[in-house]
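Computed from a prediction, not measured in an experiment: that's the story for all the values here. A note on names: the letters A, B, ... follow the listed sequences, proteins ahead of strands, and every chain is numbered from 1.
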Amino acid sequence: MSIIEVNNLTKYYGKARGIEDVSFSVDEGEVYGFIGPNGAGKSTTIRLFLSLIYPTSGEAKIFGKDINQHGVEIRQEIGYLPSEVFYYEGMKVLDLLKYSESFYKKDCTKRMMELAEIMELDLKRKIDDLSYGNKKKVGIVQGLLHSPKLIVLDEPTSGLDPLMQQKFFNLIREENERGATVFFSSHILGEVQKMCNRVAIIKEGTVINIQDIKSLQKDNYKKIRIEAEGLDEKRFSVEGVNNMVKDNGSINFFFKGDINLITKLISEKEVEDVTIEEPTLEEIFMHYYV
Amino acid sequence: MNIFKHEFKMNFKSTIIWSLSIAVLIFVFMSLFSTIAADADLMNEAIAQMPEELLMAFGMNNVDFASVLGYFSFIFLFCQVCLAIQASNYGISLVSVEEREMTADFLLAKPIARNKILTNKLLAVITNLTITNVVVWISSFVFLNMFRDGREYETKTLVMILLTIVLFQLFFLSVGVVLSLLMKRVRSVTPLSMALAFGMFVVNAFSGMLGDSKLELITPFKHFDPNYISANAAYDTPLVLISVSVILISIVGSYMLYQRRNIHTAV
């Protein structure tokens with residue numbers, strides 16, 4: 001069963017584009033990545049799901065129900081973690097969590113306490129006094145305390161230190177094993193690859209590709225930079241290499257295919273330096289989807 | 001009920017501060033009454049020296065400083081200014097505060113319909129305003145009797161003046177809400193609420209100065225003019241009805257606008 005079903009969803013802000021003709025579906029139990037650069041329309045899509053904004057045209061269904069007609073019912077089972085978290089002035093962490101809990105039908109106190117412990121939250125502190133990372137943790141707990149069937153994450157890891165990120169990912173994985181579907185928006189390819197089964201790639205308001213993670217990894221381009229004297233770029237003109245750029249004794253290119261082929265070619269020569277890294281998302285967009 | 005409680009708490013401190021301030025204002029002004037009333041002739045003479053326009057602007061023409069209610073309606077104008085600012089403040093920030101502080105993302109992602117949110121918010125803030133209202137009633141009666149210096153006054157007329165507070169507050173509250181919803185983004189509340197409250201006050205002053213009866217149609221300072229009520233022991237009913245209509249239209253409009261409002265990120 002599809003948990004989320006989006007059909008030709010379009011949103012304009014006056015004349016400015018939000019998203020255009022977005023269609024995709026997310027299956028039950030899936031961890032679905034939603035990836036794209038800033039301003040591509042990720043938040044717009046998520047805000048449409050939550051009826052924070054209303055679509056210009058098209059439709060979306062969550063749990064098989066239309067988002068505009070059954071918003072209240074749908075939101076009973078959604079846990080949402082916004083990208084920016086700010087909470088009410090002068091409120092203590094515990095007050096905020098209790099306020100959050102009061103909106104749900106079931107009793108969530110136990111789960112709330114568990115989560116607060118996992119995220120190492122100090123419940124007695126005022127939210128105003130918390131650091132950005134700690135506010136984010138409050139956001140995580142309030143978003144998950146009612147054990148939602150669908151978890152919507154909008155760039156959740158910004159501001160979290162690596163240790164907390166790890167805890168957070170573990171938490172999301174546990175929720176997923178429990179049966180929750182996860183919709184995960186991010187502009188960091190690495191974390192999406194780590195977490196998700198499938199990804200939709202969005203750019204300038206339209207979904208340009210939907211892939212499962214395995215094939216995305218097969219498509220895994222490497223960004224390679226070689227520094228050496230008297231380099232002849234023709235040596236590296238093998239299949240899978242593209243966007244070769246030569247400047248000042250170094251060559252840069254992208255490579256897709258068997259990495260051993262390239263390492264062999266490199267090892268045949270005396271080189272000063274070699275870097276092999278993941279291309280950034282922007283580079284992927286620039287080189288493969290234009 | 002949870003939203004009601006939360007909203008009520010958020011405004012409670014400010015309600016107490018406003019209520020006490022107005023009570024102090026009434027206390028201070030009323031404590032001067034016996035002195036002023038004793039020298040009412042002198043006072044009236046001094047006032048007669050001032051330009052007519054200035055007096056009209058402050059509702060000081062035709063004020064009988066020797067009568068309790070004449071004096072009280074003069075100071076009630078200052079209470080009205082405070083009440084107007086308070087109610088405008090609450091009205092303009094009612095919904096916009098959530099968008100400015102990004103808490104709209106928190107609240108609207110919860111399983112609750114928007115019109116329920118608005119209803120709860122409105123009821124909470126009306127409760128806050130009612131506390132202020134009650135404090136004004138009590139302090140008016142207490143301080144008026146404390147300082148009236150043995151002079152008599154008509155209780156019914158005083159009650160009539162104080163009864164206008166409810167509609168007066170609702171006017172600024174509902175107009176504030178609908179204004180904030182007509183705007184794409186409210187960056188800061190105070191300048192707007194000051195503009196609304198003082199704007200209405202100034203319009204009333206001008207309509208007094210120019211004798212232009214069209215301007216008085218829009219301002220509750222004229223609709224609920226305490227001088228008129230104390231002088232006539234009656235309301236200016238058509239003007240009161242204008243206030244009531246503006247309140248109703250603003251509230252209905254607010255529900256319609258809020259229902260379809262796009263909540264943008266605060267970036």
Side-chain angles (χ1 to χ4, degrees), chain A residues 11-14 16 18 38-39 42-44 46-56 68-91 95-106 127-128 135 138-139 142-143 146 148 152 154-155, chain B residues 1-17 89-90 93-121 124-125 181-185 188-190 256-267:
Chain A
K11 174 67 187 176
Y12 275 89
Y13 301 105
N38 295 327
K42 300 190 297 287
S43 291
T44 298
I46 288 177
R47 298 174 83 76
L48 284 166
F49 288 168
L50 294 159
S51 301
L52 284 165
I53 53 178
Y54 295 99
T56 310
N68 288 330
Q69 280 153 31
H70 304 281
V72 178
E73 274 167 73
I74 291 170
R75 290 197 298 274
Q76 192 72 242
E77 292 294 346
I78 291 187
Y80 168 55
L81 174 55
S83 56
E84 300 279 330
V85 285
F86 296 103
Y87 292 111
Y88 297 97
E89 226 185 296
M91 243 181 155
D95 297 333
L96 189 276
L97 293 180
K98 279 189 175 157
Y99 187 40
S100 179
E101 191 207 358
S102 68
F103 287 93
Y104 300 102
K105 284 181 198 146
K106 47 193 163 194
I127 301 177
D128 303 341
K135 276 185 191 155
V138 179
Q142 68 81 21
H146 56 300
V152 177
D154 194 356
E155 312 215 350
Chain B
M1 203 52 198
N2 50 355
I3 298 183
F4 178 91
K5 263 193 227 157
H6 172 80
E7 293 290 324
F8 178 75
K9 261 194 228 157
M10 297 295 280
N11 275 330
F12 187 68
K13 228 194 228 168
S14 119
T15 305
I16 296 302
I17 293 172
N89 257 337
Y90 292 174
S93 66
L94 191 76
V95 179
S96 71
V97 65
E98 308 269 350
E99 288 170 46
R100 215 170 26 259
E101 321 245 299
M102 298 276 311
T103 47
D105 276 31
F106 168 84
L107 185 60
L108 298 185
K110 299 294 173 210
I112 183 153
R114 286 201 192 179
N115 48 31
K116 272 194 194 155
I117 294 179
L118 191 56
T119 305
N120 273 288
K121 275 173 169 280
V125 85
L181 285 168
L182 284 169
M183 294 172 68
K184 216 169 178 185
R185 181 163 296 156
S188 101
V189 172
T190 321
M256 278 161 44
L257 286 168
Y258 192 51
Q259 197 60 34
R260 297 308 305 168
R261 187 170 177 82
N262 284 320
I263 313 293
H264 298 286
T265 47
V267 191

A.B. asks: I need the full list of salt bridge (Lys or Arg N to Asp or Glu O under 4.0 Å) pairs touching residues 105-115 of chain B, with sequence neighbours left out, sorted by first then second residue.
C.D. replies: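 Of all non-adjacent pairs touching residues 105-115 of chain B, those that pass salt bridge (Lys or Arg N to Asp or Glu O under 4.0 Å) are A:R47-B:D105.
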
A.B. asks: Test side-chain contact (heavy atoms from CB on, under 4.5 Å) on A:K11 and B:N262; report intermediate values, then the result.
C.D. replies: CA-CA 11 Å; A:K11 174 67 187 176; B:N262 284 320; 2.9 Å; yes

A.B. asks: Quick one: which of B:L107, B:V97, B:I112 has the most heavy-atom pairs under 4.5 Å with chain A, could you say?
C.D. replies: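 Looking at each of B:L107, B:V97, B:I112 in turn, B:I112 comes out on top.
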
A.B. asks: Relative to chain B, which segment of A:K98 carries a heavy atom at a distance below 4.5 Å: side chain, backbone, both, or neither?
C.D. replies: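 Neither the backbone nor the side chain of A:K98 comes within 4.5 Å of chain B.
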
A.B. asks: Checking heavy atoms, do the side chain of A:E89, its backbone, both or neither come under 4.5 Å from chain B?
C.D. replies: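 Both parts, heavy atoms under 4.5 Å.
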
A.B. asks: Tell me, for A:S100 versus chain B, whether the close heavy atoms (under 4.5 Å) come from the side chain, the backbone, both or neither.
C.D. replies: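 Both backbone and side chain.
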
A.B. asks: For residues 3-11 of chain B, which side-chain N or O atoms pair as donor and acceptor with protein atoms under 3.5 Å away, sequence neighbours left out?
C.D. replies:
unit_1: B:E7; atom_1: OE1; unit_2: B:K121; atom_2: NZ; d: 3.4
unit_1: B:E7; atom_1: OE2; unit_2: B:K121; atom_2: NZ; d: 3.0

A.B. asks: Go through the atoms of A:Y80 and report whether side chain, backbone, both or neither lie under 4.5 Å from a heavy atom of chain B.
C.D. replies: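 Only the side chain of A:Y80 comes within 4.5 Å of chain B.
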
A.B. asks: Any donor and acceptor pair, going by atom type alone, linking the side chain of B:R261 with main-chain N or O of B:K184 inside 3.5 Å?
C.D. replies: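 Yes; judged by distance alone, with no hydrogens or angles, the pair exists.
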
A.B. asks: By a 4.5 Å heavy-atom criterion (distance strictly below it), what part of A:Q142 contacts chain B: side chain, backbone, both, or neither?
C.D. replies: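 Both parts, heavy atoms under 4.5 Å.
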
A.B. asks: Please step through side-chain contact (heavy atoms from CB on, under 4.5 Å) for the pair A:E155 and A:I46, ending with a clear verdict.
C.D. replies: CA-CA 11 Å; A:E155 312 215 350; A:I46 288 177; over 6 Å; no

A.B. asks: If we ignore hydrogens and angles and just use 3.5 Å, is the side chain of B:T103 paired with the main-chain N or O of A:Y88 as donor and acceptor?
C.D. replies: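 Looks like no, no N/O pair under 3.5 Å.
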
A.B. asks: Report the option among A:D95, A:V72, A:L50, A:L52 that has the most heavy-atom pairs separated by less than 4.5 Å from atoms of chain B.
C.D. replies: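 Maximum pair count with chain B is reached by A:L52.
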
A.B. asks: Please classify the contact between A:Y13 and chain B as side chain, backbone, both or neither, with a heavy-atom cut-off of under 4.5 Å.
C.D. replies: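 Side chain only.
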
